[in-house]
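Below you'll find the structure, written out as structure tokens, and then a few comments.
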There are 2 protein chains.
Amino acid sequence: MIDRELMRGAGPVAILKLLGHREMYGYELVEALETRTRGLLAMGQSTLYPLLYNLEAKGYIVSRWVEDGARPRKYYRLTSDGRKRLADDSRQWRDVATAMEALGIINGAEVALA
Amino acid sequence: MIDRELMRGAGPVAILKLLGHREMYGYELVEALETRTRGLLAMGQSTLYPLLYNLEAKGYIVSRWVEDGARPRKYYRLTSDGRKRLADDSRQWRDVATAMEALGIINGAEVALA
DNA sequence: ACTCCATACCTCGTCACGCATAGTATGTTG
DNA sequence: CAACATACTATGCGTGACGAGGTATGGAGT
């Protein structure tokens, strides 16, 4: 399991990325993170739901209730602002990964950034 | 510049890694992060110093004052606990990088973890 | 029928941490 | 002799993860 502080940086991007494909509901996201990342980025409901409310409040995602099936579900999808945010966050993650490699933390190479 | 939440996960490991090579003092670390990561992981003094105090309080690093030169400097070095923590954090970072790749955030591949 | 687990949502309180801001003190440079 | 660089310290605000606890319904086993 991953540390809390690492999750702070990784959580939102992961959610935005998943919602970038198709609309999904909360419980589904919890399971998707568990299976798609083999538990590495797994987060509980008490982490996910507030995170979703936060992303919605900031306008990166929007929700709609669907009452068709057995239980009511709240589906979320990305807004255009959300796509921008996802693109920006992804760039930041690539940057950090680059820096981590430069320091020799991710890979053993440890070269100064040229 | 990277977001503060991302820094929360990246900051401590980066410092531990730098101190893994040789003992360094605060101001030197600020500059090392700036140059070694091309500003990607740059942090100000008000972020670094409290971070150092925190790592020392947890026993991952120890400090000693050196009065030889022009100004007094406080040098920090890793403890054996610090090495363990560095090893553990590095593993977590590799895990997160793996998960980010699986989600297609770092690289475009986007494969499920096999 | 009844129990238990899975599904699906929501809420509150605690704790940690980044960093802006501000302060102190000395060496170096124009 | 005024700026600027070096070097460390202290404080307060805002943000967010997550444990713990709560509600309600569907399905599976006995």
Side-chain angles (χ1 to χ4, degrees), chain A residues 1-16 23-35 39-58 60-61 63-76 85 89 92 96, chain B residues 1-16 23-35 39-58 60-76 85 89 92 96 99:
Chain A
M1 192 55 46
I2 279 179
D3 189 78
R4 223 183 174 90
E5 304 299 337
L6 251 178
M7 186 58 89
R8 280 171 100 106
V13 220
I15 298 301
L16 292 175
E23 68 176 1
M24 295 173 78
Y25 56 96
Y27 198 88
E28 189 183 11
L29 283 165
V30 170
E31 298 205 310
L33 283 176
E34 172 69 35
T35 57
L40 293 177
L41 276 187
M43 68 174 72
Q45 298 188 6
S46 66
T47 300
L48 178 76
Y49 287 117
L51 173 54
L52 288 174
Y53 306 150
N54 183 259
L55 290 173
E56 185 167 31
K58 288 176 181 163
Y60 298 129
I61 59 180
S63 61
R64 69 183 182 98
W65 282 98
V66 173
E67 314 264 357
D68 293 1
R71 281 178 201 70
R73 289 168 171 171
K74 201 173 180 181
Y75 281 86
Y76 292 88
R85 165 78 191 263
D89 281 4
Q92 286 197 36
V96 171
Chain B
M1 192 56 46
I2 68 172
D3 188 78
R4 96 205 270 136
E5 302 301 337
L6 249 178
M7 186 58 89
R8 276 172 103 112
V13 219
I15 297 302
L16 291 176
E23 67 176 2
M24 295 174 76
Y25 56 97
Y27 198 88
E28 188 183 12
L29 284 164
V30 171
E31 298 205 311
L33 284 175
E34 172 68 36
T35 58
L40 293 178
L41 275 187
M43 67 175 73
Q45 298 189 6
S46 66
T47 300
L48 178 76
Y49 286 116
L51 173 54
L52 288 174
Y53 307 151
N54 184 258
L55 290 173
E56 184 166 31
K58 288 175 181 164
Y60 298 129
I61 59 179
V62 286
S63 61
R64 68 182 181 100
W65 281 99
V66 174
E67 314 264 358
D68 293 0
R71 282 179 200 70
R73 287 168 172 171
K74 201 173 181 180
Y75 280 87
Y76 292 89
R85 164 79 191 264
D89 281 4
Q92 286 198 36
V96 172

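The chains referred to below are lettered A, B, ... by the order of the sequence lines, with proteins before strands, and numbering in each begins at 1.
Using a 4.5 Å heavy-atom cutoff, the side chains of L40(A) and L33(A) are not in contact. In this structure, the side chains of P12(A) and R85(A) come closer than 4.5 Å at one or more pairs of heavy atoms. Side-chain contact between Y76(A) and Y60(A) is absent, with no heavy atoms from C-beta onward closer than 4.5 Å. In this structure the side chain of L6(A) never reaches within 4.5 angstrom of the side chain of D89(B), judged on heavy atoms.
The closest donor-acceptor contact from the side chain of Q45(B) to the backbone of V30(B) lies at 3.5 Å or more, if one exists at all. No side-chain donor-acceptor contact under 3.5 Å links E31(B) to the backbone of E28(B).
Remark: C1' of dG18(C) and CG of L41(B) are 14 Å apart, rounded to the nearest angstrom. As rounded to whole Å, 15 Å separates atom C1' of dC10(C) from atom OH of Y27(A). At whole-Å resolution of the value, CD1 in I15(A) and P in dA17(D) are 10 Å apart. Rounding to whole angstrom units, CD of residue E31(B) and C1' of dA5(D) are separated by 9 Å. Atom CD in E28(B) sits roughly 16 Å away from atom C1' in dA5(D) (whole-Å rounding). The CG-P distance, from D3(A) to dG16(D), rounds to 17 Å in whole Å. Distance CD (Q92(B)) to P (dA17(D)): 16 Å, rounded to an integer number of Å. One interatomic measurement links the two molecules: CD of E5(A) to P of dC17(C), which rounds to 5 Å at whole-angstrom precision.
With distances taken from any side-chain atom of R73(B) to the nucleotides dA17(D), dC9(C), dC8(D), the minimum falls on dC8(D).
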Per-nucleotide protein contact along nucleotides 25-30 of chain C, 5' to 3', at a 4.0 Å heavy-atom cut-off (B base, S sugar-phosphate only, - neither), is -BB---
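Both W65(A) and R8(A) lie near DNA chain C, and the one whose nearest nucleotide falls closer to the 5' end is W65(A). Heavy-atom nearest nucleotides on DNA chain C were determined for G26(A) and for G11(B), and the one closer to the 5' end corresponds to G26(A).
Taking 4.0 angstrom as the limit, K58(A) places none of its side-chain polar atoms (N or O) nearer than this to OP1 or OP2 of dT15(D). For R4(A), no side-chain nitrogen or oxygen approaches OP1 or OP2 of dC18(D) to under 4.0 Å. Distances shown here put every side-chain N or O of Y25(A) at or beyond 4.0 Å from the OP1 or OP2 atom of dC9(C).
Closest approach of L51(B) and G11(B) over heavy atoms only: CD2-C, 4.1 Å.
Of the residues in residues 42-54 of chain A, those placing a heavy atom less than 4.0 Å from an atom of DNA chain C are Q45(A), S46(A), Y49(A), Y53(A), in numerical order.
Taken from CE in M24(A) to CD1 in I15(A), the straight-line distance is 8.0 Å, to the nearest 0.5 Å.
We find that R64(A) and E23(A) are joined by a salt bridge, their nearest charged nitrogen and carboxylate oxygen being less than 4.0 Å apart.
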